[in-house]
Amino acid sequence: MALLARTPASGLDESVRLDPACPLRVTHARGPLTLAVVSIAWVRGRGDADRAALQARHLSDEERDRAAELAVPKRRVEWLAGRLAVKHGVTAYLRRHSGLCVRTRDVRVGAVAGGIRAGKPTVDAPVEVGLTHSGDLAVAACGPRAVGIDLERTRQVPRPLAELLTTANPGCPALDTMPLSLRWACKEAVLKHFGFGLRVDTREVELTGWRPDGRFSWRAGPGLRRHVPAVDTLRLDNWAREVDGYCLSLVRS
């Protein structure tokens with residue numbers, strides 16, 4: 001899989017592109033941070049022989065066995081796109097920031113095995129990774145410290161979820177204009193940053209502000225504080241915007 005675009009970036013607002021027609025796009029931003037976007041649509045459109053070649057080039061033997069165990073074609077394509085995103089994100093980050101040339105197939109992608117952080121993606125490299133997928137795209141984030149990322153296709157959310165996400169914010173009119181899908185992405189990105197995902201109720205993340213540059217603020221509820229007692233002392237970088245028909249949110253230490 002060729003590296004089709006690498007865009008040096010001064011910030012995520014200026015650099016992120018979410019284009020299903022582009023098989024792979026790697027973006028470097030300040031922080032440091034590397035984002036790799038893989039087109040699920042592109043992977044889905046390949047024939048069996050092409051996908052097998054992709055797996056042979058980028059996956060370990062164990063990963064190819066794991067892919068073969070996934071019986072549902074949709075799930076298998078999403079899984080492969082996610083693996084490719086993480087591997088390309090890690091190799092691009094290491095090449096840029098450490099001068100290391102690592103093959104994608106040598107990057108071992110795993111997950112926390114148990115507990116409240118079960119499923120949190122991990123790699124066998126001195127970096128932290130986050131992974132998300134929605135619609136036709138898989139997006140991985142890679143950096144030196146904990147990172148949470150969530151992608152949601154911009155859409156009309158179901159009424160029960162809309163009621164959960166709709167709150168009055170007299171102190172921040174901008175927050176009232178925030179798309180509901182973007183609000184959900186913010187909550188998920190926060191919880192993914194801590195490795196919890198939806199094992200912790202999204203109501204434990206209360207959005208409190210959203211600036212024109214995409215920075216957002218939030219407040220932890222008592223349930224989240226029980227799991228992260230020092231949460232109020234943390235200095236996190238929180239960013240969320242609509243990009244090319246998707247809602248993307250990122251939280252990093």
Side-chain angles (χ1 to χ4, degrees), residues 1-6 16 18-28 33-96 100-113 117-143 146-153 188-189 192-193 195 197 246 248 250:
M1 191 176 189
L3 189 66
L4 296 186
R6 184 183 303 154
V16 176
L18 301 175
D19 181 6
C22 180
L24 170 68
R25 179 181 292 273
V26 173
T27 300
H28 297 291
L33 182 76
T34 297
L35 262 64
V37 181
V38 169
S39 170
I40 295 174
W42 184 85
V43 175
R44 186 190 305 121
R46 301 304 93 194
D48 291 341
D50 286 346
R51 281 197 294 270
L54 274 176
Q55 293 183 20
R57 180 177 180 183
H58 299 292
L59 302 187
S60 66
D61 293 341
E62 294 82 4
E63 288 172 323
R64 291 199 297 274
D65 291 341
R66 170 61 177 147
E69 294 172 355
L70 300 173
V72 179
K74 180 177 184 292
R75 173 61 182 140
R76 191 161 56 245
V77 168
E78 291 175 348
W79 185 89
L80 175 57
R83 273 295 197 277
L84 293 173
V86 172
K87 287 167 174 279
H88 279 286
V90 171
T91 56
Y93 179 91
L94 292 176
R95 184 167 54 248
R96 181 179 181 88
L100 299 176
C101 292
V102 180
R103 298 185 305 173
T104 49
R105 73 186 315 270
D106 292 332
V107 175
R108 296 294 189 265
V109 184
V112 175
R117 291 180 172 83
K120 181 182 184 298
T122 61
V123 293
D124 61 341
V127 296
E128 294 285 339
V129 296
L131 176 64
T132 183
H133 62 75
S134 180
D136 289 329
L137 297 169
V139 185
C142 177
V147 58
I149 187 169
D150 193 63
L151 179 73
E152 303 288 338
R153 179 174 276 173
E188 276 220 56
K192 285 182 176 181
H193 171 272
Y246 286 83
L248 180 65
L250 180 78

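Since we're looking at a predicted model, the values are computed, not measured.
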- Would you please name every residue forming a side chain to side chain contact (heavy atoms under 4.5 Å, CB included) with A41, sequence neighbours left out? P20, S39, R44, D136
- Task: Output all residues satisfying side chain to side chain contact (heavy atoms under 4.5 Å, CB included) with A141, sequence neighbours left out; order by chain, then residue number.
- Result: L33, L35, V147, I149, L250
What's the spacing between [X] [atom1] and [Y] [atom2] if we round to 0.5 Å?
| X | Y | atom1 | atom2 | answer |
| --- | --- | --- | --- | --- |
| K120 | H193 | NZ | NE2 | 8.5 Å |
| L59 | L84 | CG | CG | 6.5 Å |
| L18 | R153 | CG | CZ | 11.0 Å |

Closest non-hydrogen atom pair, [X] against [Y]:
| X | Y | value |
| --- | --- | --- |
| I40 | H133 | CD1-CB, 4.0 Å |
| G130 | P121 | CA-CG, 4.3 Å |
| R83 | V109 | NH2-O, 3.4 Å |
| G143 | Y93 | CA-CE1, 3.9 Å |
| S134 | Y246 | O-CE2, 3.4 Å |
| T132 | L151 | OG1-N, 2.9 Å |

- Considering only heavy atoms from C-beta outward, does the side chain of H88 approach that of H58 to under 4.5 Å? yes
- Message: What I'd like to find out is whether the side chain of V90 reaches to under 4.5 Å of the side chain of V102, using heavy atoms alone.
- Response: no
- Here the salt bridge (Lys or Arg N to Asp or Glu O under 4.0 Å) pairs for residues 33-43, sequence neighbours left out, are none
Side chain to side chain donor-acceptor pair (under 3.5 Å) against [X], all qualifying residues, sequence neighbours excluded:
| X | answer |
| --- | --- |
| R51 | D48 |
| R75 | none |
| D106 | R103 |

- Message: Between the side chains of E62 and R66, is the shortest nitrogen-to-carboxylate-oxygen separation below 4.0 Å, so that they form an ion pair?
- Response: no
- In terms of side-chain geometry, is the basic nitrogen of K192 or D150 positioned less than 4.0 Å from the acidic oxygen of its partner? yes
- Query: T27 side chain to V16 main-chain N or O, any donor-acceptor pair under 3.5 Å?
  - Reply: no
- Check whether any side-chain N or O of R76 sits under 3.5 Å from a backbone N or O of L70 as a donor-acceptor pair, and report yes or no. yes
